[in-house]
Amino acid sequence: MHDMTLRQIEVIRAVMLTGTISGAAGLLNVSAPGISRLVKHTEETLGIRLFERKAGVFIPSVEASRVFDQVGEIYRQVESLNAAVSSLKCGEDVRLSFATAPSIAQFIAARVLQNVRGVYGDLFVDMNVLKIEETVDYLLLERGEFVIMSSPVENAAIDNEEIAEGRLVAIMPEGHRLSKNKNISALDLAKEPVIGVDPNDPYGALLAKPFLEAGIEINHAMRGRFAQTVVSLVRHGLGVAVIDEFSVAEVYMPGLVRRPLVHDIPIKSYVARKKGRVLSRFAEDTIGHFQRQLERAVKDGPWYRS
C-alpha cells in the first residue's frame, strides 16, 4: 500500500466537499479530467474504494469513512496553523517586553509605540522605565528583549549598539530672564537655582558636563532622580536645568522654554541586549522605530532655537 500525498488528500477532500468531479475541479482551479485521473489512481494505489458513484455524484464509501475522518482532521489542523500564522503577523497572543531610560520614555517611546501598534494592532506591549543600574538584571534574567539607554551598559554579557546622538539643551520657566537669550552658557545657568540629577549617576554626570567644562562647580538647588522630574520642577518655576533634547522633544511644552547651549555636549542613545540573544521580529522592528524617532527629534531640534 502506497502512502497518500498531500495533493491526493487535497483532491479527495475537494471531491468529498463538492460531490462531483467538476465541482472539485472548480474548487481547486484545475481541469476535471485531471481530478478524475487522480481519484482513480489514488483508489488503485491504495487498494480501496473511496467513493460510490451514483448518477454522477461521488458519495464517500462506508469502508473509507476512517480515511475521510483523517482527511477532515488534517484540514482542521492546517486551518489552525494558518490562523496561528495570521495571529503572529498582527501580534495577537504575542508579548513584546522592553525598557527605556526615563529621558526617552516620555515622548520618544510614545511615538514609537504609535508606529508599532499601527503595524501590529494586537501586539501586547510591556514597557518598563529603568535606571541604568537596573538594566543588567532586566536583560540577563530575560525580563525583556532590549533596553534603550543614554549610556552603554558596562557588562561583558551585554551588547551595546549606538543608535542616535543628540545634544544637551538648557531649559527654564516661561518668562524667565534667560529666555531672551538665543544661546545659554553654563555661567548663565550657574547664576540661577539649578535643578539636576546626582552627578554620581551616569545620566547626572552627563548633565553636569557643561559646568565642569566651563570650570564651574555645580551646586544644585534641587535634584530629581528622573529627567521627567527635572523638567516638571523647571516648568513650575523652581529653577533652570540642563537636560537632553530627547526629554523635551515635544512640539508644545507650555510653561517651558528650551534654548541651545553654547557648549556642544553630545548625548548618545544605545540599545542594549543580552549577548547572543536572538530578538523577535517585533523587537527588531521596534528598535528600528526608536532609531528613526530619535533621529527625527535631532533633525527637528531647531524648535528650541525659536
Side-chain angles (χ1 to χ4, degrees), residues 75-132 134-153 158-167 226-228 231 244-253 267-304:
Y75 267 82
R76 281 190 292 273
Q77 291 178 5
V78 169
E79 287 170 356
S80 295
L81 174 61
N82 288 334
V85 171
S86 178
S87 295
L88 183 61
K89 282 183 177 179
C90 66
E92 187 177 335
D93 298 326
V94 178
R95 181 189 188 97
L96 169 66
S97 297
F98 69 92
T100 78
S103 57
I104 294 172
Q106 188 170 8
F107 299 120
I108 302 296
R111 292 175 197 158
V112 167
L113 292 181
Q114 271 188 321
N115 294 330
V116 170
R117 290 304 291 272
V119 179
Y120 308 113
D122 296 315
L123 179 66
F124 177 80
V125 177
D126 179 20
M127 187 188 86
N128 285 270
V129 179
L130 301 180
K131 293 285 282 182
I132 193 166
E134 300 170 324
T135 59
V136 173
D137 283 353
Y138 182 82
L139 291 172
L140 297 188
L141 296 176
E142 297 192 351
R143 293 172 182 153
E145 294 192 66
F146 66 90
V147 176
I148 305 293
M149 280 284 150
S150 53
S151 301
V153 180
I158 291 174
D159 284 328
N160 297 279
E161 178 188 355
E162 183 183 329
I163 57 173
E165 181 179 299
R167 291 292 180 272
F226 300 116
Q228 295 99 315
V231 172
D244 69 282
E245 64 178 315
F246 303 125
S247 294
V248 289
E250 186 69 4
V251 176
Y252 302 108
M253 296 196 73
I267 182 164
K268 299 179 179 182
S269 293
Y270 300 84
V271 57
R273 68 189 83 184
K274 183 179 180 179
K275 191 167 286 186
R277 177 168 183 173
V278 178
L279 301 184
S280 68
R281 176 166 58 99
F282 308 109
E284 292 284 6
D285 285 355
T286 302
I287 291 170
H289 283 298
F290 265 110
Q291 186 164 16
R292 286 187 287 276
Q293 287 297 332
L294 289 164
E295 288 173 349
R296 179 182 171 187
V298 173
K299 183 180 177 182
D300 293 346
W303 45 247
Y304 62 75

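Nothing fancy with the numbering, it's 1 onward along the sequence. Because only heavy atoms are used, hydrogens play no part in the values below, and waters and symmetry mates are left out as well, while side chains stay in.
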(Q) Once side chain to side chain donor-acceptor pair (under 3.5 Å) is applied, do any residues pair with Ser97, and if so which ones, sequence neighbours excluded? (A) Arg95
(Q) Can you tell me how far apart OG1 (Thr286) and CG (Leu123) are? Round to the nearest 0.5 Å. (A) 7.0 Å
Q | Spatial distance of atom CD (Glu142) from atom CG (Leu140) [nearest 0.5 Å] | A | 8.5 Å
Q) What residues form a salt bridge (charged side-chain N to carboxylate O under 4.0 Å, His left out) with Arg296, not counting sequence neighbours? A) Asp300
Q) Should Phe246 and Leu294 be marked as a side chain to side chain contact (heavy atoms under 4.5 Å, CB included) after you check the CA-CA gap, both sets of side-chain angles, and the distance that decides it? A) CA-CA 7 Å; Phe246 303 125; Leu294 289 164; 3.6 Å; yes
Q) Under the ring pair (Phe, Tyr, Trp, His ring centres under 6.0 Å) test, which residues partner Phe98, sequence neighbours left out? A) Phe146, Phe290
Q: State which residues pass salt bridge (charged side-chain N to carboxylate O under 4.0 Å, His left out) with Glu161; sequence neighbours excluded, sorted by chain then number.
A: Arg273
Q: Nearest 0.5 Å please: distance from the CD atom of Gln293 over to the CG atom of Asn115.
A: 5.5 Å
Could you list the donor-acceptor pairs under 3.5 angstrom formed between side-chain atoms of residues 103-112 and any protein atom two or more places apart in sequence or on another chain?
| residue | atom | partner | partner atom | Å |
| --- | --- | --- | --- | --- |
| Arg111 | NH1 | Ala249 | O | 3.2 |
| Arg111 | NH2 | Ala249 | O | 2.1 |
| Arg111 | NH2 | Glu250 | OE1 | 3.0 |

Q. Do you know the tightest heavy-atom contact between Glu245 and Val298?
A. OE2-CG2, 3.9 Å
Q) Between Gln291 (side chain) and Gly288 (backbone), is there a donor-acceptor pair under 3.5 Å? A) no
Q.
So, using salt bridge (charged side-chain N to carboxylate O under 4.0 Å, His left out) as the criterion, who are the partners of Asp159 when residues are at least two apart?
A. Lys275
Q | Side-chain touch Val248/Val231, heavy atoms, less than 4.5 angstrom | A | yes
Q | Separation of Arg292 CZ from Ile163 CD1 (nearest 0.5 Å) | A | 11.0 Å
